[in-house]
Novice: 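Before we start, here is the structure in question, set down as structure tokens.
In this text the structure is predicted, and so the values were computed from the model without any measurement. Residue indices begin at 1 and follow the sequence shown.
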Amino acid sequence: MNQWETEWQREQERVNSVVDQVKKKMNVLEEHLGGKKEDVVQIRKDFWEDVTVNFDDAHEAAETAASIKQQAELLSELERSHKNAEDQKKSLVKLSDSPYFGRIDFKEEKDAKTDRIYLGIASFYDEKADEFLVYDWRAPISSLYYDHSIGRAEYEAPEGTVSGEMELKRQYIIRNAQIKSMFDTGVTIGDELLQEVLSRQANPQMKSIVATIQKEQNQIIRNTKGNLLIVQGAAGCGKTSAALQRVAYLLYRYRETLSANQIVLFSPNNVFNSYVSNVLPELGEENMLQTTFQQYVYHHLGDSYNLEDPLEQMEAVLTAEDHPDHKVRLEGIRFKASLDFMNVIEAYIAHLRNEDMLFKSVSFRGRVLISAEQIKEKFYSFSFSVSIPDRMKLVSEWLVSEVRRLEKTERKKPWVEEKIQLLDKEVYVRLYQKLKKKKQYTEDSFNDFEQEQRLLSAYVVSKAFKPLKKWIKSLTFINLKELYMRLFTGEGLSWERKEKYLLPGSWKEIARLTAETLSNGELLYEDATPYLYLKERLEGFQTNTAVRYVFIDEAQDYSPFQFAFIQRLFPRSKMTVLGDLNQSIYAHSTGDAFQMLYERYGKDHTERIILTRSYRSTRQIVEFTREMLHEKESIIPFNRDGEKPVLKQYEKKEDHTRAIADIIRKLQDKQVKTIAVICKTAKECEEAYESLKDKVHVELMKKDSSSFKQDTLIIPSYLAKGIEFDAVLVYDASNLQYGKERERRLFYTVCTRAMHELYLFCRGAISPFITAVPQDTFVRDN
């Protein structure tokens, strides 16, 4: 047995020893959990038996309340203890399979002893030996593994910088408590481990990367310096993975003061949410709040308009090029995404402080109780120094008091008597019981006919007026639709010289198109954020001060207006934005949103990290796809070999369809798990599905799909963003589909979804983005 084999055996013995102790701890926990569960069940069962209930006087009532509180706190503490034990058990189950993935031997300065540090997804402490057998990958000392090679090294501990010498760095692949692979390395993470991980097939859910975190990714994960962290990087560089590990790190570092519900992730779509949903639970942490910006907008505006979503906007932009208003729409999208348009709205709001506010009349049963003009008069009766939201609150209170006054006169109207006659007997009983409980009436109250009529009239009218009062309190009396419309009908900007604002040359056409759409009850996606901004500025911004961290993935798809809006929504939170300008596929994506954020936060409060190495795809795929970009030098492929991308060109539709079906069948026969046929639009997806469904098994992904699964999927380009597949088949890479310069980034995004194999099929002339690529980076095969 040579020296390495002896070392391997010694390491396996340690794995066996650690796993054995982990299992013993699991057994203890099992007994503990069983007892805790029985205690919780018993306390719930006996809750009221163990509580002394007596409400005879104030003193007895206070004692009863204290008894209930004490019992509830005991139950809560037991449930919390049970949950902590359950979480610990889940971590131990993972450690029993793979206790750790790395080891570093580190000798601190002025210390004679060299410490062996083993890293895993969670800590494991040996109480008898008083030492950590495994350190959590997020522990301060663990950063040595990610940031340094053999030699001088240092890390930041709570008490300050710790310096010393790293004498060994070892990496393991352990499965079922057996070392499958082990190697020493002088670099941050050895190519052997990365090769093993990256060569695996894609998974329907993103996995944790803690064993393969690179130095530049570790900088993202552990960054706590500024209020804004901007991460820019090439497709497949690990931005999203690093961001999710960053969430786990923050929850670990600030575990006493930070919880998962104080972190929000804005992701591109629901499919993506499903794709990343398992990363944090895999690391033993609860998922943060996940949403899309569209979901937030819809929650606040969905009842007001037929609201277009970003995918519908993308579909319209890609398929309506022959429409006479197509160019106007594109210019409108870009302007409404800008801070110039926000400034226009701000000027409009300043004008509304003094005049031209619009309201809706307060009506009841088809008759006006308080006219819009009366409300307007009341609004402007308050001092101009009072903010608009504060004045709205005062108006709302006035309206409610006026409605209550009118409510009393309404009780004598004929319709009230008609409603009383239709009341069920149950209503009489409930009302009687309610009044008796309030001690407002004696038992004889319902024996007096006139008194009974007064009571029932008050009940009927109060119930009828309840929705109206709710309508008023929600500030729905503001005529937001007309106020926003006036920005585009000429009235909204008539109060100042329009030349003062940076309006585009096509403003009149943009205004016409917008007014037409609004009058049809539709709100275009580019209008959603400005409309909501106007609403919030008039009613009072619904800020969330509890959220501490906001993460925005695919941030290149956000506009400066949207970023400014989100920043205002979460005024006390730090922000992490991740994106790739080369994947800016939306019409409003001009590339200046990141710079705008940088300027708003200031360089002293901003950290910017740029990732250049791409890990997702094979070297051959990266070398092909980067050639499509103008700044291709900024992307470095990881050296993982594979087949060159394959280009297939056909003139006839039937030949094109047959060739795609043949490749899908070949990939399925090889047990390739995730195959994506990526089309440009949803319309093209439907065409592809109809032509392929009878030839080979395929699934059609639509915008309302909520999950991503291992299968052969037909998916539109914009829905595939942020997701990776074992094999990608570009349904039609022709000049007809991808021929315009503005489609360059979309085509690049489509091709970079492939991990191992990439096929491009053309019907007719080939896209210029392919013909401009060096011929030796792909293979032509027909």
Side-chain angles (χ1 to χ4, degrees), residues 137 146 194 197-198 200 202-223 228-251 260 263-283 285 287-293 549-558 575-585 594 607-617 622 635 638 674 676 707-708 715 718-726 728 748-750 752-755:
W137 66 275
Y146 299 115
L194 265 177
V197 172
L198 296 173
R200 298 175 191 165
N203 195 285
Q205 290 186 310
M206 180 181 281
K207 293 296 183 181
S208 159
I209 61 163
V210 294
T212 57
I213 292 170
Q214 302 294 288
K215 182 176 181 178
E216 64 272 19
Q217 294 168 336
N218 197 42
Q219 291 174 352
I220 297 167
I221 293 166
R222 296 174 188 259
N223 187 289
L228 171 67
L229 175 62
I230 298 175
V231 181
Q232 293 175 247
C237 67
K239 298 183 296 294
T240 301
S241 296
L244 294 171
Q245 317 302 315
R246 173 170 167 75
V247 173
Y249 173 76
L250 292 170
L251 289 171
I263 304 174
V264 174
L265 168 66
F266 283 96
S267 56
N269 52 58
N270 289 328
V271 174
F272 184 88
N273 277 341
S274 169
Y275 179 57
V276 302
S277 63
N278 199 49
V279 174
L280 288 172
E282 193 178 82
L283 295 170
E285 300 289 354
N287 259 324
M288 68 263 139
L289 301 172
Q290 288 178 244
T291 187
T292 66
F293 188 70
Y549 290 89
V550 171
F551 285 72
I552 302 178
D553 204 1
E554 300 293 339
Q556 73 280 352
D557 295 335
Y558 286 73
M575 191 178 291
T576 300
V577 299
L578 311 107
D580 176 13
L581 295 179
N582 290 321
Q583 295 182 69
S584 302
I585 66 173
F594 284 3
E607 292 285 319
R608 192 196 298 258
I609 296 175
I610 298 177
L611 304 178
T612 57
R613 188 173 296 277
S614 179
Y615 299 98
R616 173 189 298 137
S617 307
V622 174
I635 301 174
F638 177 71
T674 59
S707 62
F708 169 61
I715 185 170
Y718 43 80
L719 202 57
K721 279 175 60 64
I723 305 175
E724 57 190 28
F725 305 90
D726 293 318
V728 165
Y748 169 78
T749 302
V750 167
T752 54
R753 300 307 93 204
M755 290 177 62

Novice: Please report the interatomic distance CD(Gln290) to CG(Leu280), rounded to the nearest 0.5 Å.
Specialist: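 Going from the CD atom of Gln290 to the CG atom of Leu280 covers 8.0 Å.
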Novice: Taking only residues two or more places apart in sequence, or in another chain, which ones meet Tyr558 in a ring-ring contact (aromatic ring centres under 6.0 Å, His included)?
Specialist: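 Per chain and number, Tyr558 pairs via ring-ring contact (aromatic ring centres under 6.0 Å, His included) with Phe563.
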Novice: The criterion is salt bridge (Lys or Arg N to Asp or Glu O under 4.0 Å); which residues satisfy it with Glu216, sequence neighbours excluded?
Specialist: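 Residues passing salt bridge (Lys or Arg N to Asp or Glu O under 4.0 Å) with Glu216: none at all.
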Novice: May I ask you to decide if the ring planes of Tyr146 and Trp137 are parallel, tilted or perpendicular, using 30° and 60° as cut-offs?
Specialist: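 Perpendicular.
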Novice: Can you tell me how far CZ of Phe266 sits from OG1 of Thr291, rounded to the nearest 0.5 angstrom?
Specialist: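 Reported value, rounded in 0.5 Å steps: 6.0 Å.
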Novice: Could you pull out all residues at least two apart from Asp557 that satisfy salt bridge (Lys or Arg N to Asp or Glu O under 4.0 Å)?
Specialist: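 Checked Asp557 against salt bridge (Lys or Arg N to Asp or Glu O under 4.0 Å); matches are Lys721.
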Novice: Quick check: closest heavy atoms across Gln232 and Leu581, and the distance to 0.1 Å?
Specialist: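 Gln232 and Leu581 have their closest heavy atoms at NE2-CD1, 3.8 Å.
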Novice: What do the steps show when you test Thr576 against Arg246 for side-chain contact (heavy atoms from CB on, under 4.5 Å), and what is the final call?
Specialist: CA-CA 10 Å; Thr576 300; Arg246 173 170 167 75; 3.2 Å; yes
Novice: Quick check for you: to the nearest 0.5 Å, what is the distance between Phe594 atom CZ and Ser584 atom OG?
Specialist: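 It comes to 7.5 Å.
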Novice: Rounded to the nearest 0.5 Å, what separation is found between the CD1 atom of Ile552 and the CE atom of Met575?
Specialist: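 Between atom CD1 of Ile552 and atom CE of Met575 there are 4.5 Å.
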Novice: What are the two closest non-hydrogen atoms of Glu724 and Arg616, and how far apart are they?
Specialist: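 Shortest heavy-atom separation between Glu724 and Arg616 comes out as OE1-NE, 3.2 Å.
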Novice: As an exercise, state the distance from CD1 of Ile220 to CG of Leu611, rounded to the nearest 0.5 Å.
Specialist: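 If I round to the nearest 0.5 Å, the distance is 4.0 Å.
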Novice: Output yes when a side-chain donor or acceptor of Thr292 lies under 3.5 Å from a complementary backbone atom of Pro268, and no otherwise.
Specialist: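 No.
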Novice: Can you check whether Val577's main-chain N or O pairs, donor with acceptor, with Lys239's side chain at less than 3.5 Å?
Specialist: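 Checked: no pair found.
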Novice: Hey, are the side chains of Met288 and Tyr549 touching, using non-hydrogen atoms and a 4.5 Å cut-off?
Specialist: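 Side-chain contact under 4.5 Å: no.
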Novice: Please walk me through it: do Leu251 and Ile263 pass side-chain contact (heavy atoms from CB on, under 4.5 Å)?
Specialist: CA-CA 9 Å; Leu251 289 171; Ile263 304 174; 3.9 Å; yes
Novice: If the condition is side-chain contact (heavy atoms from CB on, under 4.5 Å), which residues does Glu607 pass it with, not counting sequence neighbours?
Specialist: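 Counting only residues at least two positions away or on another chain, Glu607 forms a side-chain contact (heavy atoms from CB on, under 4.5 Å) with Asn223, Lys225, Leu229.
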Novice: The criterion is side chain to side chain donor-acceptor pair (under 3.5 Å); which residues satisfy it with Asn218, sequence neighbours excluded?
Specialist: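 With neighbours one apart ignored, the set is Asp147, Arg222.
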Novice: Taking all non-hydrogen atoms of both residues into account, name the closest pair between Ala235 and Asp580 and its distance.
Specialist: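 Taking Ala235 first and Asp580 second, the nearest heavy atoms are N-OD2, 3.4 Å.
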Novice: Over all heavy atoms of both residues, which pair between Tyr748 and Asn582 is shortest? Give the atoms and the distance, please.
Specialist: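 Looking at all heavy atoms of both residues, the shortest contact is CD2-O, 3.5 Å.
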Novice: I need the Ile609 CD1 to Gln217 CD distance, nearest 0.5 Å.
Specialist: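 With rounding to 0.5 Å, CD1 (Ile609) is 10.5 Å from CD (Gln217).
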Novice: Return yes if a side-chain donor-acceptor contact under 3.5 Å exists between Gln556 and Glu554, otherwise no.
Specialist: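 The criterion, which ignores hydrogens and geometry beyond distance, is satisfied for Glu554 and Gln556.
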Novice: For Val728 versus Val750, what's the shortest heavy-atom pair and its separation?
Specialist: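 Shortest heavy-atom contact: CG1-O, 4.1 Å.
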Novice: Could you tell me which residues satisfy side-chain contact (heavy atoms from CB on, under 4.5 Å) with Ala243, sequence neighbours excluded, listed by chain and number?
Specialist: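 Once residues adjacent in sequence are excluded, the partners of Ala243 under the side-chain contact (heavy atoms from CB on, under 4.5 Å) criterion are Phe551, Leu578.
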Novice: Do you know the tightest heavy-atom contact between Ile635 and Ser614?
Specialist: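 That would be CG2-CB, 4.3 Å.
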